[in-house]
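Lettering of chains follows the sequences in order, A, B, ..., and the numbering in each one begins at 1.
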There are 2 protein chains.
Amino acid sequence: MSAAPEGYDPHAFVPFAVTVDLAVFTVREARLHVLLVERGGEPYKGGWALPGGFILPRESAEEAARRELAEETGLTQDTVGGLHLEQLRTYTEPDRDPRMRVVSVAYAALLPDLPEPRGGGDAARARWWEARDLGDLAFDHGRILADAYDRVGAKFEYTCLATQFCPAEFTLGELQQVYETVWGVELDRPNFRRKVLATPGFVEAVEGPPRRTGGRGKPAALYRAGAAAALHPPLLRPEGRTG
Amino acid sequence: MSAAPEGYDPHAFVPFAVTVDLAVFTVREARLHVLLVERGGEPYKGGWALPGGFILPRESAEEAARRELAEETGLTQDTVGGLHLEQLRTYTEPDRDPRMRVVSVAYAALLPDLPEPRGGGDAARARWWEARDLGDLAFDHGRILADAYDRVGAKFEYTCLATQFCPAEFTLGELQQVYETVWGVELDRPNFRRKVLATPGFVEAVEGPPRRTGGRGKPAALYRAGAAAALHPPLLRPEGRTG
DNA sequence: TCCTTTAATAGTCACTCTGACTATAAAGGG
DNA sequence: CCCTTTATAGTCAGAGTGACTATTAAAGGA
């Protein structure tokens, strides 16, 4: 009565199209932004969607995601190759694409603020949108984006992922800004500082005496991302809410 | 140069087979067990694999996973419908199945110890294996199982998932046993107890005076799973290691 | 029946981590 | 020179936890 009695039967499978979709986040001017592309064809023509595309015959989903990311952002393959791509989950509802059965593997990527909003990809139009006050997206991409946002917020609690939003060298104030933007809360500066510096491998001080300022005020010491991937113990959100 | 310039082109996609694979865990006699099925055909004929199968044309992946789980375990659709199925990740390496391009969405399920190891599914043979000292599994199922194990261990830290391994009513000692088995550590009993009882919604006391014993000793109070899904603050593993 | 064993439950104490603050230092602008 | 701004240092009380010790309630054997 079922699909595959013992092991797979290679002649009885149902063909699906498999795509990757990318939730690409950046923090610009203390606000969270998402990269969206405008749809050039039906359905949802003229609407906005997450960047993505089909997995090629000899590609893994992650390779496809990196390729698409490079195409949409104009980043070099090298840069994209070093980024952490977080596989979120796979969306399989039968009617999520009105034309055919499409299964989509969703990834999240975190980028520092880029000089140019987008590179010369082949998508009709791509641009950064502020994450809040987004209208409806094409397909189930609104749902995917919401899941991505939840995941990133949760991962900030127990990983060093936040440094991915920062340039190579950053101040603790900038790192705190990233947390505040993603979590949508204000953090106490001395406490944040104490916690970050007390976590081995989270950040490491940049040696040279060079310092920098964000406008007025005392110049801040510079740090770069450390070697650690996880935070022990975690840096929990105030009023902890777990998506 | 790429797959889908603007939006999907429904005529240019590459067809994939899409399956679900299940990592089904249970705790029997203080040891972690996994449900495996014996392969009846090539490749890996006679080897052991995770239960799973193709997604049907009008099914979501989660529906397919529940259907397969019911078939392999003999649980009723109702029982399976109430279980938490954790979508792990999706495995897409081009050569993970030697016959064809198969993309697999992996799920983890946690069951209380079942009276019968398996129901009358249509898999060649299915049985519980102790999680450690497993030989090699078919396909990339060893990798999937390792990922599933890591995920379950991590989720135990900040969710109430552990109660899924327990029957409807259980003692705190049994719940602790589950944690110790999954994490592979010993926990201090009074501290575990204090933590669990101090977490609102984790467990709730079963009213009646009925008590039960695990052999000798003082009878233990019974509890059932509470309404909470998350633990605040988390119950961290000693020597915290994050897979 | 008393004593030993076993397991559940109660309680203590010190240490760490955190939230909420206050204080000081180093810049720029009027 | 004072005022504003931002970084950095430090203080203090309360929550949470690890490591214990003590007590209670059963079963089983001498």
What are the two closest non-hydrogen atoms of A:Lys195 and A:Pro234, and how far apart are they? NZ-O, 3.5 Å
Contact summary for A:Leu35 and A:Pro51, nearest pair of heavy atoms: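 It is O-CD, 3.2 Å.
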What is the distance, rounded to the nearest whole Å, between atom [atom1] of [X] and atom [atom2] of [N]?
X        : N      : atom1 : atom2 : answer
B:Arg216 : C:dT5  : CZ    : C1'   : 7 Å
B:Glu157 : D:dG16 : CD    : C1'   : 16 Å
A:Gln176 : D:dT8  : CD    : P     : 11 Å
A:Lys218 : C:dA26 : NZ    : P     : 6 Å
B:Leu175 : C:dT9  : CG    : P     : 12 Å
B:Gln177 : C:dA8  : CD    : C1'   : 15 Å
B:His232 : D:dG16 : NE2   : C1'   : 15 Å
A:Leu236 : D:dT17 : CG    : P     : 11 Å

Check whether any side-chain nitrogen or oxygen of [X] sits under 4.0 Å from OP1 or OP2 of [N], and answer yes or no.
X        : N      : answer
B:Arg189 : C:dA8  : yes
A:Lys195 : C:dT18 : yes
A:Arg193 : D:dA9  : yes

Please figure out whether B:Asn191 or A:Glu174 has its closest DNA chain D nucleotide nearer the 5' end. A:Glu174
On DNA chain D, does the nearest nucleotide to B:Pro233 precede the nearest nucleotide to A:Asp188 from the 5' side, or the other way round? Give the residue.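 Final value for this comparison: A:Asp188.
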Record whether the side chain of B:Arg194 comes under 3.5 Å of the base of C:dG11 through a donor-acceptor pair of N or O atoms. no
B:Phe165 and B:Phe25 aromatic centres sub-6.0 Å: no
Taking atom CZ of A:Arg66 and atom CG of A:Leu69, what is their separation to the nearest 0.5 Å? 8.5 Å
Do A:Asp147 and A:Tyr91 meet the criterion of a side-chain donor-acceptor pair at a distance under 3.5 Å?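 Side-chain D/A pair, A:Asp147 to A:Tyr91: present.
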Where each residue is assigned the nucleotide of DNA chain C containing its nearest heavy atom, which of A:Leu235 and A:Pro190 is assigned the position nearer the 5′ end?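 Whichever sits nearer the 5' end wins; that is A:Leu235.
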Among C:dA10, D:dT8, D:dA26, which nucleotide has an atom closest to any side-chain atom of A:Ala221?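 So the side chain of A:Ala221 is nearest to D:dT8.
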